[in-house]
Amino acid sequence: LSLIGFTSDVLLTLDPEIKNMKDLNGKSVVISNVSATSAKAVGFKKTFELGGVKPKYEYLGMKSMVASLRDGLVDVVHGGVNVLGPGKFAPSPYLRELFATKKVYPVSLNKKDVLEMKKETGHPGAVVTFPPKAIDQYQSGPVVALGKCMTWGANKDMPDKVVEEILRIY
């Protein structure tokens, strides 16, 4: 039995003046490395729409996205923040160099708009709130993000009762 990837998609910027979703109007935002139809992109775009926010969207691969933020070519990107343990978080590996070399500021979504987005779309993501300083030292307040739910995997030969008991205990 294994836990396969849990992460939260957090909006990140190098601009300390961009603190929340409302500050994204007119800003260049990379919300997906896949397409405008991915669950991640739909989740962010619908949340922005419900909040009355109109950013300029761009779609780049992971390395290009991070390099574009680092070099000041875009204002905001989404980035994965992984759970390491109770109250312990770290940026996904593709973000570590950025966090090590730049002041990175998380940007909070509006929780009400995320909950409304989930209700309207049936989006599977979770609403995650990181307490101050949980993501990095420059995070001055709580940050609401879009979490990706956990996926469990088990060998098909493992009896259902064993899997259910392990998950019940977890």
Side-chain angles (χ1 to χ4, degrees), residues 2-16 18-21 23-24 27-48 51 53 55-111 113-115 117-118 121 123-153 170:
S2 64
L3 172 62
I4 304 168
F6 181 79
T7 190
S8 294
D9 284 327
V10 178
L11 296 175
L12 304 169
T13 185
L14 302 181
D15 183 348
I18 301 174
K19 297 181 192 254
N20 59 52
M21 200 171 86
D23 298 329
L24 298 180
K27 302 291 187 197
S28 55
V29 177
V30 181
I31 57 171
S32 178
N33 64 316
V34 183
S35 74
T37 59
S38 70
K40 185 185 328 179
V42 169
F44 279 119
K45 287 176 82 172
K46 186 66 174 176
T47 299
F48 296 159
V53 176
K56 295 182 228 169
Y57 298 112
E58 293 190 34
Y59 300 94
L60 302 167
M62 292 297 208
K63 288 182 182 180
S64 298
M65 175 183 74
V66 174
S68 292
L69 180 63
R70 180 197 64 216
D71 296 341
L73 302 174
V74 297
D75 299 304
V76 177
V77 300
H78 86 272
V81 174
N82 301 321
V83 178
L84 299 179
K88 295 181 182 177
F89 310 95
S92 293
Y94 66 90
L95 292 169
R96 291 191 185 139
E97 181 182 344
L98 178 69
F99 273 75
T101 59
K102 298 283 187 176
K103 290 182 180 179
V104 181
Y105 303 91
V107 179
S108 187
L109 296 172
N110 181 321
K111 186 175 184 176
D113 295 326
V114 177
L115 291 171
M117 175 277 296
K118 287 177 57 59
T121 66
H123 195 282
V127 179
V128 178
T129 303
F130 291 95
K133 308 280 187 225
I135 297 171
D136 78 351
Q137 63 193 12
Y138 304 111
Q139 179 194 347
S140 60
V143 169
V144 176
L146 185 59
K148 294 177 189 169
C149 297
M150 293 183 272
T151 300
W152 292 92
Y170 180 80

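On a predicted model such as this, the values are computed, not experimentally measured, just so you know.
In this structure, Gly147 and Val128 approach most closely via the heavy-atom pair CA-CG2, 3.7 Å. Across all their heavy atoms, Tyr94 and Gly80 have their closest contact at OH-N, 2.9 Å. Taking both residues in full, the closest heavy atoms of Ala41 and Ile31 are given as O-CD1, 3.7 Å, listed atom of the first, atom of the second, then distance. Summarising the geometry of Val29 relative to Pro55, their closest heavy-atom pair is CG2-CB, 3.5 Å, with the distance given to 0.1 Å. The two residues Pro16 and Tyr105 have their closest heavy-atom pair at CB-CZ, 3.7 Å. Gly43 and Leu146 make their closest contact through CA-CD2, 4.1 Å (heavy atoms, listed as atom of the first residue, atom of the second, distance).
When the options Val53, Val114, Leu109 are evaluated for a side-chain contact (heavy atoms from CB on, under 4.5 Å) with Phe44, the one that passes is Leu109. Put simply, the residue from Val144, Val107, Val76, Thr47 that forms a side-chain contact (heavy atoms from CB on, under 4.5 Å) with Met21 is Thr47. None of Leu24, Ile18, Val77 except one satisfies the side-chain contact (heavy atoms from CB on, under 4.5 Å) rule with Leu11; the exception is Leu24.
Residues meeting the salt bridge (Lys or Arg N to Asp or Glu O under 4.0 Å) test with Asp9, sequence neighbours left out: Lys148. Evaluation of the side-chain contact (heavy atoms from CB on, under 4.5 Å) rule for Thr121 yields Lys46, Met117, His123 as partners, not counting sequence neighbours.
Atom NZ of Lys27 and atom OG1 of Thr13 lie 8.0 Å apart (nearest 0.5 Å). Between the CG atom of Leu12 and the CD1 atom of Ile135 there is a distance of 7.0 Å, given to the nearest 0.5 Å.
Taking the side chain as every heavy atom from C-beta outward, Leu60 and Ser68 approach each other to under 4.5 Å. Using a 4.5 Å cut-off on side-chain heavy atoms (C-beta onward), Phe130 and Ser8 make contact. Looking at Leu95 and Val66, their side chains come closer than 4.5 Å, going by heavy atoms from C-beta outward. Counting only heavy atoms from C-beta outward, the side chains of Val104 and Leu14 approach each other to under 4.5 Å. Between Leu69 and Leu98, some side-chain heavy-atom pair lies under the 4.5 Å cut-off.
Environment of NZ in Lys118: crowded, with over 12 heavy atoms of neighbouring residues, nucleotides or ligands closer than 6.0 Å. Around NZ of Lys103, the count of heavy atoms belonging to other residues, nucleotides or ligands within 6.0 Å does not exceed 12.
With hydrogens and angles left out, the side-chain atoms of Ser108 and Asn20 include no donor and acceptor closer than 3.5 Å.
With hydrogens and angles ignored, the 3.5 Å screen pairs a side-chain donor or acceptor of Gln139 with a backbone N or O of Gly141. A donor-acceptor pair under 3.5 Å links the side-chain atoms of Ser28 to the main chain of Asp75, judged by distance alone. Asp71 places no side-chain N or O within donor-acceptor distance of the main-chain N or O of Leu73, the cut-off being under 3.5 Å.
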